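Quick notes on the structure that follows.
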Amino acid sequence: MNYWLLKSEPDVWSIDQQIKSGEKGTDWDGVRNYQAANNLKQMKKGDLCFFYHSNIGKEIVGIVEVIKEAFIDPTDKKKRFVAVKVKFISILPKPITLEKIKKTKALKNLPLIRQSRLSVMPIDTKSWKIILNMGRIKKKKIHA
DNA sequence: GCCAACGTTGGC
DNA sequence: GCCAACGTTGGC
């Protein structure tokens with residue numbers, strides 16, 4: 001299984017809205033960047049993603065799961081980009097701010113920091129675990 | 001609101 | 001195919 005991080009401006013789509021959408025999940029669409037799209041294409045069913053609020057908050061607020069692998073983004077008229085479907089899994093009891101991540105040496109190489117404009121990025125297993133611990137989230141809760 | 005870092009577009 | 005001009009993202 002692989003891990004990812006998805007960025008969203010909470011003005012446009014927030015974790016609260018993701019929670020309300022429940023088990024059915026929602027399309028993660030609107031990505032118009034090839035690097036981000038390539039990452040979307042590599043996602044497999046069951047992969048987990050951190051949900052990051054950009055601009056407002058600037059923090060990791062929760063976790064979602066990939067429930068449908070890449071398909072043509074229905075919002076893309078030119079049909080060049082893809083979307084995936086995700087559903088809400090968990091909220092972090094303690095959101096992890098960008099500031100904190102920057103201060104954590106082990107996380108210095110995250111694309112979140114090195115490539116601030118990328119909106120869909122892979123997270124290596126080690127970093128994933130570190131962030132989970134920082135967010136005080138129990139592993140059990142994720143698999144619930 | 002500003003600006004750095006990218007991406008994209010279009011003229012040549 | 002290069003590159004200047006322009007547009008966008010997202011942190012500050």
Side-chain angles (χ1 to χ4, degrees), chain A residues 1-22 24-139 141-142:
Chain A
M1 165 160 46
N2 288 306
Y3 301 106
W4 311 89
L5 183 143
L6 297 170
K7 276 189 193 175
S8 181
E9 297 184 43
D11 272 0
V12 181
W13 182 253
S14 71
I15 191 77
D16 290 334
Q17 286 168 288
Q18 191 70 58
I19 291 170
K20 280 177 196 156
S21 73
K24 277 187 186 171
T26 51
D27 289 354
W28 196 272
D29 55 23
V31 170
R32 295 292 181 271
N33 168 287
Y34 287 108
Q35 204 185 339
N38 278 335
N39 289 332
L40 286 179
K41 283 180 192 169
Q42 288 172 47
M43 289 184 180
K44 298 286 176 208
K45 232 180 183 176
D47 281 0
L48 297 174
C49 317
F50 284 127
F51 194 118
Y52 176 83
H53 279 172
S54 65
N55 281 316
I56 304 163
K58 280 173 283 181
E59 55 193 9
I60 295 172
V61 290
I63 293 168
V64 295
E65 179 186 338
V66 177
I67 55 172
K68 189 180 174 191
E69 294 173 16
F71 51 95
I72 298 286
D73 185 340
T75 69
D76 180 16
K77 280 180 191 161
K78 290 178 185 167
K79 301 183 177 179
R80 288 188 299 180
F81 292 97
V82 295
V84 296
K85 196 165 249 189
V86 300
K87 73 167 183 180
F88 173 76
I89 293 292
S90 163
I91 200 146
L92 297 198
K94 207 170 178 268
I96 299 151
T97 62
L98 180 63
E99 199 187 356
K100 246 193 185 169
I101 292 167
K102 279 189 164 173
K103 280 182 185 163
T104 307
K105 273 190 185 166
L107 300 176
K108 268 207 168 136
N109 288 325
L110 279 194
L112 185 67
I113 292 163
R114 297 205 340 222
Q115 244 183 305
S116 67
R117 289 186 50 195
L118 188 61
S119 64
V120 181
M121 66 188 76
I123 300 288
D124 64 281
T125 307
K126 225 182 192 176
S127 303
W128 175 269
K129 283 180 183 162
I130 293 170
I131 297 169
L132 278 192
N133 286 334
M134 288 167 72
R136 310 253 167 86
I137 195 159
K138 298 266 160 57
K139 255 201 165 171
K141 220 175 174 185
I142 299 172

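Being a predicted model, the structure only gives us computed values, none of them experimental. By convention in this document, chain letters (A, B, ...) are assigned in the order of the sequence lines, proteins followed by strands, and residues within each chain are numbered from 1.
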Selection residues 103-126 of chain A - residue pairs positive for ring pair (Phe, Tyr, Trp, His ring centres under 6.0 Å), sequence neighbours left out: none

Taking C-beta and beyond as the side chain, do [X] and [Y] meet within less than 4.5 Å on heavy atoms?
| X | Y | value |
| --- | --- | --- |
| A:L118 | A:N39 | yes |
| A:V82 | A:D73 | no |
| A:V86 | A:Q18 | yes |

Under 3.5 Å, sequence neighbours excluded: what are the donor-acceptor pairs made by side chains of residues 48-55 of chain A?
residue, atom, partner, partner atom, Å
A:H53, NE2, A:I15, N, 3.1
A:N55, ND2, A:E9, OE1, 3.3

Per-nucleotide protein contact string for nucleotides 7-12 of chain C, where B marks a base within reach and S marks sugar-phosphate only (heavy atoms under 4.0 Å, - for neither): BBBBBB

